[in-house]
Amino acid sequence: MGLTSRKERILQAVVDGYIESCQPVSSAEIKEKHLPALSSATIRNEMAALEEMGYLAQPHTSAGRVPTADAYRLYVEKLMPRRKLSRSELKIVKRYFNKKITELDDVLKNTAKVISEITNLTSVAYVHNPNDATILNIKIVRITDSSALIIIVTNMGVLKDTTVHIGSGVTDEYCEQVSKFVTESFAGFKISEINKHPNKTVKKVKKEYERVFATILRIFKSYSHDELFSDIVLEGSAKILEQPEYSNLKKAKAMLEFLDAKEELIPVLQNSDDVNITFKIGRDNEIREGMPECAIVTASYNIGGVTVGNAGVIGPIRMDYSKVVSVLDYLSRTVQMLPAGESTQSGDGAAEGSEDEYASTMLNSDADE
């Protein structure tokens, strides 16, 4: 049975009041702050009906009511007010995104930091395994007479910029030639395809290019590991302890243990393909027995039309969903507009001999797989 508009207004008032105060909401409070035209008796009767329907609970006989998980689900689906970010909140976003960011890891890390800072909740983000990213371009940029920077651009943005030590005599002309050669070799292939059949993409490599190819293949190989799926970024974990719901030591310990077991977070962080923002409230998160009661709200993030990861918040069921949604939605649009072009960052270090072992083996292999 659907709710009448009056019941919906009363339920919204209870949820809004409880989110703000974390205290049971009384009929007198609803009349005073939200619905002065209704009598207290009418509000009490409606609250009793909402309790019977499973939307409200009464902690004590003389207390007001608190929302149930079902109430929050209805609230985010239908009753939640929409809001815009304040000027100060927009300044926080600008502080993290006013410089060029191209690497996927940095995009999601900054997103998680912004979410946590604005919502004052624990935020979480993870990058989808880019093993299926398609190579668009590879640029080799001279740094010194013996080293160059490798920049790999895919349909998911810049994956990596890595310094490679080639030897003496590195010139701009050499970098231009090898850039053209490696791009022609790898462009249009998915990383997974290159890792599976590396010698199908490149039949023969010039000797002077072997070091560069070895480093590129090493980078591709690093994205094939399953452990990348558990590469999750958490920001503001201690903020969980600031929430009244986790003042109980046992509940706080369970929540911190849940956050620490990152591999358990992935199933509840994933969004449906056709939904940008996903709400998982209470039992929706119960992937195992003994899970702490919480709410997880996540959004998908896209660059160049490709979903690159998810980010959101983990916190008590009594969270300010309206603020959370406004932050996630705004950041989603901000990330979508990020350029997927050249990286301006410095490299992350030289590729040494042992790290090139796999790539060198693949380059020297003559048999097609």
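Just so you know, residue 1 is the first one in the sequence shown, and it goes up from there. Predicted model only: the values in this text are computed from it and were never measured.
- Nearest heavy atom pair, residue Gly315 against residue Ile240, reads CA-CD1, 4.1 Å.
- No donor-acceptor pair closer than 3.5 Å links the side chain of Lys139 to the backbone N or O of Ile150.
- Looking at every heavy atom in both residues, Pro316 comes nearest to Ala295 through O-CB, 3.9 Å.
- Leu85 has its side chain out of reach of Ile92: every pair of non-hydrogen atoms, C-beta onward, lies at least 4.5 Å apart.
- Comment: Glu176 does not engage Lys180 in a salt bridge, judged by the lack of any side-chain N to carboxylate O separation of less than 4.0 angstrom.
- With a 4.5 Å cut-off on side-chain heavy atoms, Lys280 and Thr278 count as touching.
- Checking Asn137 against Thr183 by side-chain atom types alone, a donor-acceptor pair falls below 3.5 Å.
- Ile277 and Val76 fall within a single hydrophobic cluster, where Ile, Leu, Val, Met, Phe, Trp and Tyr side chains are chained together by heavy-atom contacts under 4.5 Å.
- Using a 4.5 Å cut-off on side-chain heavy atoms (C-beta onward), Lys239 and Asn120 make contact.
- Side chain of Glu193 to main chain of Lys190: a donor-acceptor pair is present (N/O by atom type, distance under 3.5 Å, no hydrogens or angles).
- A donor-acceptor pair is defined here as one N or O able to donate and one able to accept, closer than 3.5 Å; such a pair exists between the side chain of Thr334 and the backbone of Tyr330.
- Of the possible polar contacts, none joining the Ser147 side chain to the His165 backbone as a donor-acceptor pair under 3.5 Å is found.
- A donor-acceptor pair is defined here as one N or O able to donate and one able to accept, closer than 3.5 Å; no such pair exists between the side chain of Arg44 and the backbone of Ser27.
- One finds no salt bridge joining Lys251 and Glu245 here, because no Lys/Arg side-chain nitrogen approaches an Asp/Glu carboxylate oxygen to under 4.0 Å.
- Nearest heavy atom pair, residue Leu35 against residue Arg9, reads CD2-NH1, 3.6 Å.
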Review point. Would Phe213 and Ser185 count as a side-chain contact (heavy atoms from CB on, under 4.5 Å) if you check the C-alpha gap in whole Å, the side-chain angles of each, and the deciding distance to 0.1 Å?
Key: CA-CA 10 Å; Phe213 267 85; Ser185 299; 3.7 Å; yes

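- Side-chain contact between Leu74 and Val15 is absent, with no heavy-atom pair separated by less than 4.5 Å.
- A donor-acceptor distance shorter than 3.5 angstrom exists from the side chain of Ser179 to the backbone of Ile140, with no hydrogens or angles considered.
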Exercise for review: Report the C-alpha distance between Glu235 and Val233 in whole Å, list the side-chain angles of each, state the deciding distance to 0.1 Å, and finish with yes or no for side-chain contact (heavy atoms from CB on, under 4.5 Å).
Suggested key: CA-CA 7 Å; Glu235 291 288 339; Val233 178; 4.2 Å; yes

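- Between Glu29 atom CD and His34 atom NE2 the span is 6.5 Å, to the nearest 0.5 Å.
- The residues Glu89 and Arg83 are annotated as salt-bridged, a charged nitrogen and a carboxylate oxygen being separated by less than 4.0 angstrom.
- Note: Glu293 CD to Tyr246 OH = 7.5 Å, rounded to the nearest 0.5 Å.
- Between the Ser116 side chain and the Leu121 main chain, a donor and an acceptor come within less than 3.5 Å of each other.
- Residues Cys294 and Ile314 approach most closely at SG-CG2, 4.5 Å, considering heavy atoms.
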*Show your reasoning for whether side-chain contact (heavy atoms from CB on, under 4.5 Å) applies to Val107 and Val335.*
CA-CA 7 Å; Val107 169; Val335 169; 3.8 Å; yes

### Query
Hey, mind stepping through Tyr55 and Tyr72 against ring pair (Phe, Tyr, Trp, His ring centres under 6.0 Å) and telling me if it holds?
CA-CA 8 Å; Tyr55 290 110; Tyr72 286 111; over 10 Å; no

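- Atom-to-atom distance recorded for Phe181:CZ and Phe186:CZ is 9.0 Å, nearest 0.5 angstrom.
- Judged by distance alone, the side chain of Arg65 and the main-chain N or O of Val25 form no donor-acceptor pair under 3.5 Å.
- Atom CZ in Arg318 sits 9.5 Å away from atom CD in Gln23 (nearest 0.5 Å).
- A heavy-atom distance below 4.5 Å is not found between the side chains of Asn98 and Val93.
- Cluster annotation: Val178 is not connected to Leu136 through the hydrophobic network of ILVMFWY side chains, with a link wherever side-chain heavy atoms come within less than 4.5 Å.
- In this structure a side-chain-to-backbone donor-acceptor pair under 3.5 Å is missing from Thr298 to Gly312.
- Between atom CG of residue Leu11 and atom CD of residue Glu46 there is a gap of 11.0 Å, rounded to the nearest 0.5 Å.
- Closest approach of Met80 and Val325 over heavy atoms only: CE-CG2, 3.9 Å.
- Under the 4.5 Å side-chain heavy-atom criterion for grouping Ile, Leu, Val, Met, Phe, Trp and Tyr, Leu79 is connected to Met47 within one hydrophobic cluster.
- Leu259 and Leu234 get closest at one heavy-atom pair: O-CD1, 3.3 Å.
- A 4.5 Å side-chain heavy-atom check between Leu56 and Thr68 finds every atom pair outside the cut-off.
- Note on Val324: it clusters hydrophobically with Tyr96, by side-chain heavy-atom contacts below 4.5 Å among ILVMFWY residues.
- Using a cut-off of 4.0 Å between Lys/Arg side-chain N and Asp/Glu carboxylate O, Arg95 and Glu117 are scored as salt-bridged.
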Check: side-chain contact (heavy atoms from CB on, under 4.5 Å) between Ile281 and Tyr75: does it pass, once the steps are laid out?
Finding: CA-CA 11 Å; Ile281 300 172; Tyr75 180 79; over 6 Å; no

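- With hydrogens and angles disregarded, no donor-acceptor distance shorter than 3.5 Å links the side chain of Thr215 to the backbone of Val164.
- Under the 4.5 Å side-chain criterion, counting only non-hydrogen atoms from C-beta, Val297 is in contact with Leu328.
- In this structure, the side chains of Val66 and Pro59 come closer than 4.5 Å at one or more pairs of heavy atoms.
- No more than 12 heavy atoms of other residues, nucleotides or ligands shown are found within 6.0 angstrom of CD on Glu20.
- To the nearest 0.5 Å, the span separating NZ on Lys323 from CD1 on Ile115 amounts to 13.0 Å.
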